[in-house]
Amino acid sequence: MAKHRQRVALGRSRKVMVASAATVGVLGAGSATGMADAAPTPSAADFGFSAFFSSLFTVTPPVTTTPSTPAPIATNPLLSLFGVGTGTPVLGLVGPGGLLVGDGGPGQNGGLLVGNGGAGGPGQNGGNAGLVGNGGAGGPGLMPGQAGGNGGLGGLLVGNGGAGGMGGLGAAGGNGGNAGLLLGNGGVGGAGGAGVAGLAGVNPSAGSAANGTSLGDGNGATIGGYAVGANAGNGANGTAPGVSGGNGGNIANGNGANIAGISVGGNAGDGGNGGQGANGGNGGSIADSNGLTIGGYAQGGNAGNGGAGGQGTAGGAGGTGGAGGKGGNGASLVGSGGAGGTGGAGGSGGAGAVGGNGGNGGNIGKDNGGSIGGFAIGGNAGNGGAGGTGGAGGAGGNGGAGGAGGTSGLLGLSGPGGAGGANGAGGIGGAGGNGGTAGTIGTGNGGYCCGGFAFPGQNGQAGTPGTSGPTGATGLPGATGPTGGGGFFGGPSFGTGFPF
């Protein structure tokens, strides 16, 4: 009986030893006697669970790196589901910019479930809302001609549409965003931008036309008999805008002088007329002793008249104001339509430029038409040229049309149409140019000595100043936008809020 128990014990011992040998390297090495040590109890660490759960509430500290290598952002698996602490630019589910819940960034859509659309940047459309939320406002146009952004759509179920952005100079305002299906008002249309003001008239400068030919000393002079001095040439007219008239030719000393007999001095040239916005040319002058005689008949030549100044350049027309944006539609069930945007005011017309100045009259020196005995008639100095008429003012721009009102839902008010833009004022006409100065005569003109008759020449007359240009026409006011339909009287507007 004792041996039987001993065999059983030994048999069990061999079974343990076999089992221990089979588990070496899996649960740990056996003892030095060949008997296996007690097997350790498996833990969560053996399956990776411990590291996982501990990491959920542990933030990896930042790593110190060189300036050229950006430090990694701390990450957290649980928080990353909500967009917090992530190292990648993937949208989170909840929070600003969240995929499901959260307001959109600039011009971005809100969360799919709840979230407002973000306001648009310059000229950018506002973001759309999710199922519940308000659409973002459209961004304003900042540059001339840049339209305002449209307002974002309100929530598909509940929410107001975003307002349209204001247009830049001369540009249309953005449309208001539509509301959704159940409850919400349409966004207000953006105001149109004011029309660009017309540019003021500017007179160009393009040089002068050719001057008249001048005469030197002693032309037509004689001793005895009949002496006639030649006429100097007239200045050319300025035929292109900004070209001044040429100056009349001058006459030098002793032309048409005579010792006994008949002596007639030549006339100086007239100045040419100025082109658009340019000055007239000056009249030619006569120097000393022209038409002088010793005995007999003497007649001095006339100095040249100044040319007329050209008409000033007209001002530019003002631009038309931008149209107001359409108001957004109200929600299909309950919601009012948004008001249409106001049209932009028309731009003012530009002022006209001043007219060109008239040329100065030519002068006469001394002893022209003088006589020592006999009959003498002095020459007349030149008249100044008339000043040019001022440029006409530019026409004012028309006001922009008001935007149409938004359609209401089954219950709600129709959006009113936007008011038309104010008309632009016409530009002021330019001032007239100055008249040219009068020419003068020197001493001894038509004078005599030792008997005879004398008829002195006359000084010239100053040129008349130009008249002011006419004021530009006033623009037309913009038309008022139509009122939106819908409601009990206009019928429901089902489906207007769908963002697709």
Side-chain angles (χ1 to χ4, degrees), residues 196-212 233-250 268-285 302-319 347-363 380-397 424-440 459-475:
V196 179
L199 298 176
V202 177
N203 292 327
S205 179
S208 300
N211 297 324
N234 296 324
N237 295 325
T239 56
V243 178
S244 299
N247 297 322
N250 299 315
D270 294 330
N273 298 326
Q276 176 183 311
N279 299 327
N282 297 322
S285 296
N302 297 318
N305 298 319
Q311 183 178 7
T313 304
S348 300
V354 64
N357 297 324
N360 299 323
N363 300 315
N380 296 319
N383 298 321
T389 302
I428 301 174
N434 298 320
T437 59
T440 59
N459 291 320
Q461 296 180 347
T464 57
T467 58
S468 298
T471 301
T474 302

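Small disclaimer: the values here were computed from a predicted structure and weren't measured. Numbers for residues simply follow the sequence, beginning at 1.
- Closest approach of Ala353 and Gly201 over heavy atoms only: CB-O, 3.3 Å.
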I'd like a table of donor-acceptor pairs (distance under 3.5 Å, sequence neighbours excluded) in which one partner is a side-chain atom from residues 428-440, with atom names and distances.
unit_1 : atom_1 : unit_2 : atom_2 : d
Thr437 : OG1    : Asn360 : OD1    : 2.9
Thr440 : OG1    : Asn363 : OD1    : 3.4

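- Identified under the side-chain hydrogen bond (donor to acceptor under 3.5 Å, both in side chains) test for residues 305-317, with sequence neighbours left out: Asn203-Thr313, Gln276-Thr313.
- The distance from atom CG of Asn279 to atom OG of Ser208, rounded to the nearest 0.5 Å, is 8.5 Å.
- Residues passing the side-chain contact (heavy atoms from CB on, under 4.5 Å) test with Ala197: none are found, sequence neighbours excluded.
- Closest approach of Ala268 to Gly249, counting heavy atoms only: CB-O, 3.5 Å.
- Residues passing the side-chain contact (heavy atoms from CB on, under 4.5 Å) test with Ala314, sequence neighbours excluded: Ala392.
- Residues satisfying the side-chain contact (heavy atoms from CB on, under 4.5 Å) criterion with Asn234, sequence neighbours excluded, are Asp270.
- Contact detail for Ala209 and Ala236: the closest heavy-atom pair is CB-O, 3.4 Å.
- Between Asn282 and Asn247, the shortest heavy-atom contact is N-OD1, 2.8 Å.
- Shortest non-hydrogen contact noted between Gly382 and Ala303 is N-CB, 3.5 Å.
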